Protein chains: 2
Amino acid sequence: MLDSSTLKTLARAATDTLKRGLDQHVRLAVTGLSQAGKTAFITSLTDQLLHGTPRHLPFFPVQAEGRYLGAKEMPQPHPLVPRFRYRDNLAMLQADQPGWAPSTQGISELRLHLKYQPDTGIRGFIKEPVTLVLDIVDYPGEWLLDLGMLDLDYGQWSAQQQKLLAQKPRADLAASWCQDATAYCAQGQSDEVQTEQLAERFAALLQDFRASLGLYYLQPGRFLLPGELKGAPVLAFFPWQGAPDDSPLYRQLAKVFEQYKSEVVKRFYRDHFASMDRQVVLVDTLAALNHSRAAFLDLQLALTEVLKSFQYGQSGLLSRLFSPRIDKVLFAATQADRLTPDQRPALTSLIGELIGPALEPIRFAGIDVGVETLAAVCTTQAGKGQLDGQTLPCLKGRLADGRQVTLFPGDVPASLPAADFWQRQGFAFPGFAPPLGLRSPLAHLRMDKALAFLLGDKML
Amino acid sequence: MLDSSTLKTLARAATDTLKRGLDQHVRLAVTGLSQAGKTAFITSLTDQLLHGTPRHLPFFPVQAEGRYLGAKEMPQPHPLVPRFRYRDNLAMLQADQPGWAPSTQGISELRLHLKYQPDTGIRGFIKEPVTLVLDIVDYPGEWLLDLGMLDLDYGQWSAQQQKLLAQKPRADLAASWCQDATAYCAQGQSDEVQTEQLAERFAALLQDFRASLGLYYLQPGRFLLPGELKGAPVLAFFPWQGAPDDSPLYRQLAKVFEQYKSEVVKRFYRDHFASMDRQVVLVDTLAALNHSRAAFLDLQLALTEVLKSFQYGQSGLLSRLFSPRIDKVLFAATQADRLTPDQRPALTSLIGELIGPALEPIRFAGIDVGVETLAAVCTTQAGKGQLDGQTLPCLKGRLADGRQVTLFPGDVPASLPAADFWQRQGFAFPGFAPPLGLRSPLAHLRMDKALAFLLGDKML
């Protein structure tokens, strides 16, 4: 017969087993199109999970319901992947002279254990807290755009790129490169050094598209962020200029294009993406609006391409390649603190319209797509001010040079602006520096909404 | 019956088959201990093979005998490995303001096809030229030193490092780090952030050993050149300080040490080293002599460690791990052009003595070890000058700031100097800039001897 101490031990063991079965693991991928504020977003997300309170995160149910017990930073499990530097980034935000952390050049990763009291259903029987293991994986948005290349052969990709290069806004900057590449393609002989030079000039052109024109739809992504592949033969290609042919040069470029797809793009997604559960795509819509109509339309093009990659029903691209299990994708317009509160719904509406047409097939495939407007770190205080005799909503904040300013940033269009919008509209959404004396949990806008979408269903 | 045209075709086919069987492939690894001039060496080696003449390379038999037909740069076959930039480096040497190319931060590779007329034996029957495929692989010397870690467990490696850190010349610089690491090890609890901070401070200490003390024996190599591993957990370790124990911290550090060995060191050697046929280790003996006695002794220690790695008879470390097929290793003292010609034999003798004791077991294992003194690019002109009324050998060259100077660099000791050598000796071997108007084939010292050792037997 079992004594009561043994029974207790057995009961505890059974509970533990059940609990372990319920303990969950979420791998959350975070990326963003060019300067969208990935580092700030992940730093804030981590800070909210480590230091948030019910009052600070009212729309994150597990917090609001008082069931959240806390979080702990854990060693991340991949020895060859850099750790995301939450504490260093936070220290920069909270320094005497606060600043934004530098953007990352590759992948990095962070693990948190989130402890909470289960709420309903079978978990309701368990008195002991449950742990959700959360891995946050940060990777460059430039690489996300490469997914679109996987579905194309070299001829198709070249045709797509030729079309882009021949049109505004790219045509002017691209003219000289196109002329030289066309001449080289026409002669058809493959020369390693010439190919490499044209590939490097193409990479410089992509950089220029981004820097001068504010563009987003830039392929191949590794041309912008090569890392250890700098100078490697797998980057020695460029879109064919002219009609496809059977020349040695065409075959060489097509071969390297296929190597890029299999050795770089597929390898990255196989190693990292296939295990992802959820994806955040950050978008700095205001920067595009600020820049130009061309930048804004290019953002839309890039987002549509990114969304295509997520159209993975039974026959979708990603499904065929990686059997991914992503069931939620959040598109978040960042830096909403650069707007007065009355304008924020317009921003949400705008990003919804930007990606709207591409959403149907993704939702049809059973993926939950969220659209949110947020500020990872709120840098402004909203108020009212007098401008030209009118009382208008305004923002107070600190500019990058340290000056405190009061601004009237103007209206955000709630839907895709017409072509003349950029001529008549006099608006500017300046970037702000982090405020002085920022403490944890970091001031934010709607990070709790993002958390609710990304983790709410896993913390019931 | 076969007609004569068919017979000719068959004869040609037979010859081709025989010829293909004789075409050979050599993978030549080039590395060097800290600033030894790898980039200049490979640039010059390539230049000599592409543009050399019998008169320019009298000690390279295939040239001297008039059987060398020329070389051609070919695409290197590894898509993910950067191409060695021979032409860019050469352009820097031959610019109006000539300079040395920047040192590489990782691996790079170059392929040449060398065409020659066979000489003797079975090849003598073949009238058609034969091609030798030469791959030159450039990798940081810092990584070569890591090989020695493979034979040690964490306790053994820590003991070795503790001893080094406690002795001159390291002890003074290391004191503060050792104190903090000892305290942390003593408490035995593993904390990710503290571990990482101590690992980063250890990396900074290694950098300081190199920069301030001119030392060479620095492990782990990736702490000095992390590349894409910067910030990765696999670099979050350091040598244990104190007596080994069974604490969580000791186990954690030992685990990461083993990960470093298997995921970083072994992976690199498995991917790249196992296929090598020949190895060049470049050593800037003069820089060590110039610096200090401590630097010189540390160079000897590092070389002895490197040589241990090559002791791969049946039971050697490399043999067990990678079944390598390296059959020749060349140790080359570089920048011999910083000496007057009368002093060059002393340099050869000195490097021979530096590595001498470790050579026996390597030669016994059937590996041919060569020792050479050379200048990849000769930057000086030797002559005679008057100093204090005496006629002495002197050098004319261009300093880094562009000034033309005449120098009396002094005597090189032909064997290991005694401790007081650095007090009484008044010598200096300054670094020279490349001369103005340098043309191909590049002026050199004894590069033909190096070629003869490395490739002579493959081009008979």
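Because the structure is predicted, anything quoted here is derived from the model rather than measured. In what follows, every chain begins at residue 1, and chains take the letters A, B, ... in the order their sequences are listed.
Nearest approach of B:Gly227 to A:Glu228, heavy atoms of both residues: CA-OE2, 3.5 Å. Across B:Ala232 and A:Pro79, no two heavy atoms sit closer than the pair CB-O, 3.4 Å. Considering all non-hydrogen atoms of both residues, B:Val234 and A:Leu80 come closest at CG1-CD2, 3.8 Å.
In this structure, the separation between CZ on B:Arg87 and CD on A:Glu192 is 8.0 Å, given to the nearest 0.5 Å.
Here B:Arg83 is the residue among B:Arg83, B:His78, B:Glu73, B:Glu263 with the most heavy-atom pairs under 4.5 Å with chain A. Chosen from B:Gln252, B:Glu200, B:Glu109, the residue pairing most often with chain A at heavy-atom distances under 4.5 Å is B:Glu200. In terms of non-hydrogen atom pairs under 4.5 Å with chain A, the most contact-rich of B:Val193, B:Leu235, B:Ile107 is B:Val193. Per-residue heavy-atom pair counts under 4.5 Å with chain B were compared for A:Val256, A:Val81, A:Val264, and the maximum is reached by A:Val81.
Contact annotation: the side chain of A:Glu196 approaches that of B:Arg85 to within less than 4.5 Å [non-hydrogen atoms, C-beta and beyond].
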